[in-house]
Asker: 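If you scroll down you'll find the structure; I have some questions about it.
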Amino acid sequence: MHILSEQERIRREALNEMRNMGIDPYPAAAYDVSHAIKSLLHDFEEGVEVKLSGRLMSRRIMGKASFGELLDSSGRIQAYFNRDELCIGEDKTMYNTVFKKLLDIGDFIGIEGATFTTQTGEPSVMVKSLTVLGKALRPLPVVKKDEDGKVYDAFTDPELRYRMRYVDLVVNEGVKETFIARTRIIQSMREYFNNHGYLEVDTPVLQPIPGGAAARPFVTHHNALDIPLYLRIANELYLKRLIVGGFDGVYEFSRNFRNEGMDRTHNPEFTVMEIYVAYKDYHWMMAFTEQMLEKIALDLHGTTKVPFGDHEINFKAPFRRVTMLDAIKEHTGYDISEMDEPGIREVCRKLEVEVNETMGKGKLIDEIFGEKCEGHFIQPTFITDYPIEMSPLCKRHRDNPELTERFELMVNGTEIANAYTELNDPIDQRERFEEQVRLQERGDDEAMYIDQDFLRALEFGMPPTSGMGIGVDRLVMLLTGKTSIQEVLLFPQMRPEKWETGPDLNSFKALGVPEQWLEHLPAAGFTSKEELLEAKPTAVHQKLNGFRKKNKLDIPALLLEEVQAWYN
RNA sequence: GAUCUCGUAGCUCAGCUGGUAGAGCAGCACACUUUUAAUGUGCGGGUCCUGGGUUCGAGCCCCAGCGAGAUCACCA
């Protein structure tokens with residue numbers, strides 16, 4: 001138990017008083033409402049009998065009448081509490097005591113009454129009946145907004161907002177909308193795939209070999225099997241096994257886990273949608289992807305134009321297509337298409353792109369692209385035909401064996417999707433994995449492991465297939481105008497909070513402190529037995545009785561002799 | 001992991017050259033029957049992130065730690 005602040009103590013006292021009055025602050029019965037607030041406001045009419053529920057978010061008390069705001073999941077409405085409307089008879093306790101004294105901002109209440117419009121033109125509810133549905137014991141931050149929509153005292157500290165997302169969702173406008181948008185984006189995507197007849201599947205999160213991507217995995221241990229298991233870094237190799245098994249198209253919203261840095265674009269767990277479709281190639285997949293994004297933008301915003309920062313991004317298909325080598329030529333002036341590794345190294349030096357000895361030709365090209373080109377692609381652009389070294393799961397380009405049939409979709413200067421014509425030649429695949437092992441030995445810690453079962457599956461034959469993965473979190477960021485991944489994850493990873501262990505009331509009890517006093521000692525400034533015994537008995541005696549008087553505690557005052565007895 | 005910045009009341013923030021901790025909102029009390037960032041009067045509320053150090057004296061200076069943010073590295 002933490003030490004209660006004054007405001008928390010006052011709310012607990014109100015809670016007890018409600019119980020003493022026979023009001024259950026946490027009633028069990030369902031409270032069926034007549035309207036969601038948003039829909040009530042949407043076609044607002046006067047004189048409609050309504051029953052609403054929600055949190056009390058503000059109160060403006062003026063003697064016998066008060067205004068408050070009720071917040072439900074859909075919106076806010078003003079409620080008018082008039083003493084004589086709420087309390088028809090002589091007994092005015094419901095207004096004078098329950099509403100004015102015992103309710104607080106943040107409490108859940110139900111109201112029944114009739115709609116009307118105030119003199120200032122505000123749609124409101126004249127409250128005839130009030131029900132307490134759930135008392136809040138902690139004060140909610142009060143965020144206020146003036147006529148111009150200017151926000152005061154917003155709850156802004158990112159640490160507190162992410163740790164206490166429940167508070168963030170209640171008091172900060174727009175937070176809920178972001179997460180509703182996230183779900184709608186996912187629904188739109190799922191609908192698109194289902195309409196094409198592709199099957200949503202689930203593949204293992206716990207994997208014996210962390211394959212399908214180059215990343216550092218989380219390791220755990222399975223006791224019964226006594227083996228290490230890895231949290232998946234990708235699901236690609238499993239989905240391709242399903243294509244081997246005969247599905248035409250499979251997709252999965254895959255929570256992936258990577259044991260790497262955390263910042264405003266990286267969370268240890270994140271969501272990627274991956275889809276694999278048989279008998280298709282990456283040209284088909286580009287068209288499929290751009291149409292998907294156009295649909296998502298339309299479903300979410302009703303237009304393909306999405307504002308983001310200073311830009312407006314247009315998801316209208318088709319998107320521009322540029323080969324990686326052309327992109328490099330476009331943004332650096334160097335044509336590296338005919339160059340060998342030393343030649344490209346020289347270009348890196350001239351461009352002041354940082355490289356090291358472990359990097360192969362492909363990696364060098366990727367570095368140039370990442371440093372000099374990536375950031376320039378604001379409007380959706382497909383970058384195609386990547387070097388073979390950095391694409392070990394991708395089929396060789398039909399016209400150039402040094403390249404692969406791969407594209408990445410760049411939007412707003414970052415990659416949001418990645419796709420291949422998948423490699424289905426098992427012998428080539430085995431050699432590519434072995435090349436990865438050589439890179440690993442050279443020091444490239446991003447190189448991949450060899451998944452023998454995956455190779456076996458390919459040896460049974462996989463139809464030509466195209467696969468695409470899209471970062472769901474980043475897509476949501478783009479479509480909601482957020483610049484940090486923490487804003488689109490309900491519960492982003494944070495360092496665990498340190499909790500006060502709390503005062504040890506039992507140790508006070510052992511000293512002989514009366515039962516009724518135990519809970520008040522920490523509030524009065526004594527959090528441990530040691531702390532108490534360090535002070536003089538006379539000081540303790542005065543401090544505790546002073547606390548009793550100040551807080552009007554309904555317990556007997558302590559005698560000095562009683563306090564002295566604790567010291568023996 | 002590195003560098004920089006920040007951590008003060010429930011929330012948002014001031015706090016001078018080191019000299020007894022402040023404001024607004026929220027809370028409590030009183031007044032007020034159509035307000036809307038309601039208003040007026042009064043009153044409470046603090047481990048100044050934690051632990052050391054310097055000093056007669058530390059919210060402020062120094063050291064260490066914890067947490068967060070920004071930049072970078074790695075990654076998507």
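Everything numeric in this text was worked out from a predicted model, so none of it was measured.
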Asker: Would you say Thr117(A) and Glu46(A) are linked by a side-chain donor-acceptor pair, where the criterion is simply a distance under 3.5 Å?
Answerer: yes

Asker: Please tell me which of Glu159(A) and Asp473(A) maps to the more 5' nucleotide of RNA chain B, matching each residue to the nucleotide holding its nearest heavy atom.
Answerer: Glu159(A)

Asker: Does Gln7(A) make a side-chain donor-acceptor contact with the base of rA26(B), cut-off 3.5 Å?
Answerer: yes

Asker: Which nucleotide sits closest to the side chain of Asp157(A): rA73(B), rA37(B), rU12(B)?
Answerer: rU12(B)

Asker: Would you say rA68(B) has OP1 or OP2 under 4.0 Å from some side-chain N or O of Arg495(A)?
Answerer: yes

Asker: Do NZ/NE/NH1/NH2 and the carboxylate oxygens of Arg432(A) and Glu389(A) come within less than 4.0 Å?
Answerer: no

Asker: With the side chain of Gln78(A) defined as its heavy atoms from C-beta on, choose the nearest nucleotide among rU35(B), rA73(B), rU33(B).
Answerer: rU35(B)

Asker: Nearest to the side chain of Glu260(A), heavy atoms from C-beta on, is which of rU34(B), rA76(B), rU12(B)?
Answerer: rA76(B)

Asker: When you look at NZ of Lys176(A), are more than 12 heavy atoms from neighbouring residues, nucleotides or ligands closer to it than 6.0 Å?
Answerer: yes

Asker: Please state the P separation for the pair rG65(B) and rU12(B) - nearest whole angstrom.
Answerer: 28 Å

Asker: Give one of base, sugar-phosphate or nothing for Asn172(A), where a contact means two heavy atoms less than 4.0 Å apart.
Answerer: nothing

Asker: I want to check one thing: is the phosphate of rG24(B), taken as OP1 and OP2, less than 4.0 Å away from some side-chain N or O of Lys144(A)?
Answerer: no

Asker: Counting just side-chain N and O atoms, does Thr265(A) come under 4.0 Å of either OP1 or OP2 of rA76(B)?
Answerer: no

Asker: Nearest-nucleotide wise, let me know which of Asp104(A) and Glu69(A) is further upstream toward the 5' end of RNA chain B.
Answerer: Asp104(A)

Asker: Base, sugar-phosphate alone, or nothing: which one does Asn418(A) contact when heavy atoms must sit under 4.0 Å apart?
Answerer: nothing

Asker: Ring-plane angle category for Phe377(A) and Phe369(A), please: parallel below 30°, perpendicular beyond 60°, tilted otherwise.
Answerer: parallel

Asker: Out of rG10(B), rA38(B), rC25(B), which has the shortest distance to the side chain of Asp153(A)?
Answerer: rC25(B)

Asker: Among the candidates rU33(B), rA38(B), rU12(B), find the nucleotide nearest to the side-chain atoms of Met62(A).
Answerer: rA38(B)

Asker: Is Arg60(A) close enough to rA38(B) that one of its side-chain N or O atoms is under 4.0 Å from OP1 or OP2 there?
Answerer: yes

Asker: Name the orientation class of the two ring planes belonging to Phe382(A) and Phe407(A) (parallel below 30°, tilted from 30 to 60°, perpendicular beyond 60°).
Answerer: perpendicular

Asker: Side chain of Thr156(A), heavy atoms from C-beta onward: which of rC25(B), rC28(B), rC13(B) has the nearest atom to it?
Answerer: rC13(B)

Asker: Taking the side chain as C-beta and beyond, is there a heavy-atom pair between Met292(A) and Ile470(A) under 4.5 Å?
Answerer: yes

Asker: Rounded to the nearest angstrom, tell me the gap between atom CD in Glu13(A) and atom P in rA29(B).
Answerer: 10 Å

Asker: Taking N and O atoms by type only, does the side chain of Thr118(A) place a donor or acceptor under 3.5 Å from a partner on the base of rU35(B)?
Answerer: yes

Asker: Check the phosphate of rU71(B) against Arg264(A), side-chain N and O only, distance under 4.0 Å to OP1 or OP2. Yes or no?
Answerer: yes

Asker: Considering only the P atoms, how many Å lie between rA76(B) and rU8(B), rounded to the nearest integer?
Answerer: 37 Å

Asker: With the side chain of Ile485(A) defined as its heavy atoms from C-beta on, choose the nearest nucleotide among rA38(B), rA76(B), rA68(B).
Answerer: rA76(B)

Asker: Closest approach to the side chain of Ser124(A), judged atom by atom: which nucleotide of rG45(B), rA26(B), rU35(B) is it?
Answerer: rU35(B)

Asker: Check whether any side-chain nitrogen or oxygen of Arg163(A) sits under 4.0 Å from OP1 or OP2 of rA68(B), and answer yes or no.
Answerer: yes

Asker: Between the side chains of Arg76(A) and Glu69(A), is the shortest nitrogen-to-carboxylate-oxygen separation below 4.0 Å, so that they form an ion pair?
Answerer: yes

Asker: Suppose you measure atom C1' in rA14(B) against the same atom in rG53(B); what distance do you get, rounded to whole Å?
Answerer: 28 Å

Asker: Please give the distance between the P atoms of rG19(B) and rC62(B) as a whole number of Å.
Answerer: 15 Å

Asker: Check whether any side-chain nitrogen or oxygen of Lys101(A) sits under 4.0 Å from OP1 or OP2 of rC30(B), and answer yes or no.
Answerer: yes

Asker: Contact class for Lys145(A) (heavy atom, under 4.0 Å): base, sugar-phosphate, or nothing?
Answerer: sugar-phosphate

Asker: Using the rule for Phe, Tyr, His and the six-membered ring of Trp, do Phe67(A) and rA38(B) stack at under 5.5 Å and under 30°?
Answerer: no

Asker: Count the heavy atoms of every other residue, nucleotide or ligand shown that sit under 6.0 Å from CG of Asp148(A), and state whether that count exceeds 12.
Answerer: yes

Asker: Touch check for Gly471(A), heavy atoms < 4.0 angstrom, all strands: base, sugar-phosphate only, or nothing?
Answerer: nothing

Asker: Of the options rC32(B), rG10(B), rU33(B), whose atoms approach the side-chain atoms of Ile61(A) most closely?
Answerer: rC32(B)

Asker: Would you kindly check whether a donor in the side chain of Glu122(A) faces an acceptor in the base of rU34(B), or vice versa, at under 3.5 angstrom?
Answerer: no

Asker: From C-beta outward on Ile10(A), which listed nucleotide comes closest to its side chain: rA73(B), rG27(B), rU35(B)?
Answerer: rG27(B)

Asker: For Met262(A) and rA68(B), give me the distance from atom CE to atom P, rounded to whole Å.
Answerer: 7 Å

Asker: Taking 5.5 Å and 30° as the limits, would you call Tyr152(A) and the base of rA37(B) a stacked pair?
Answerer: yes

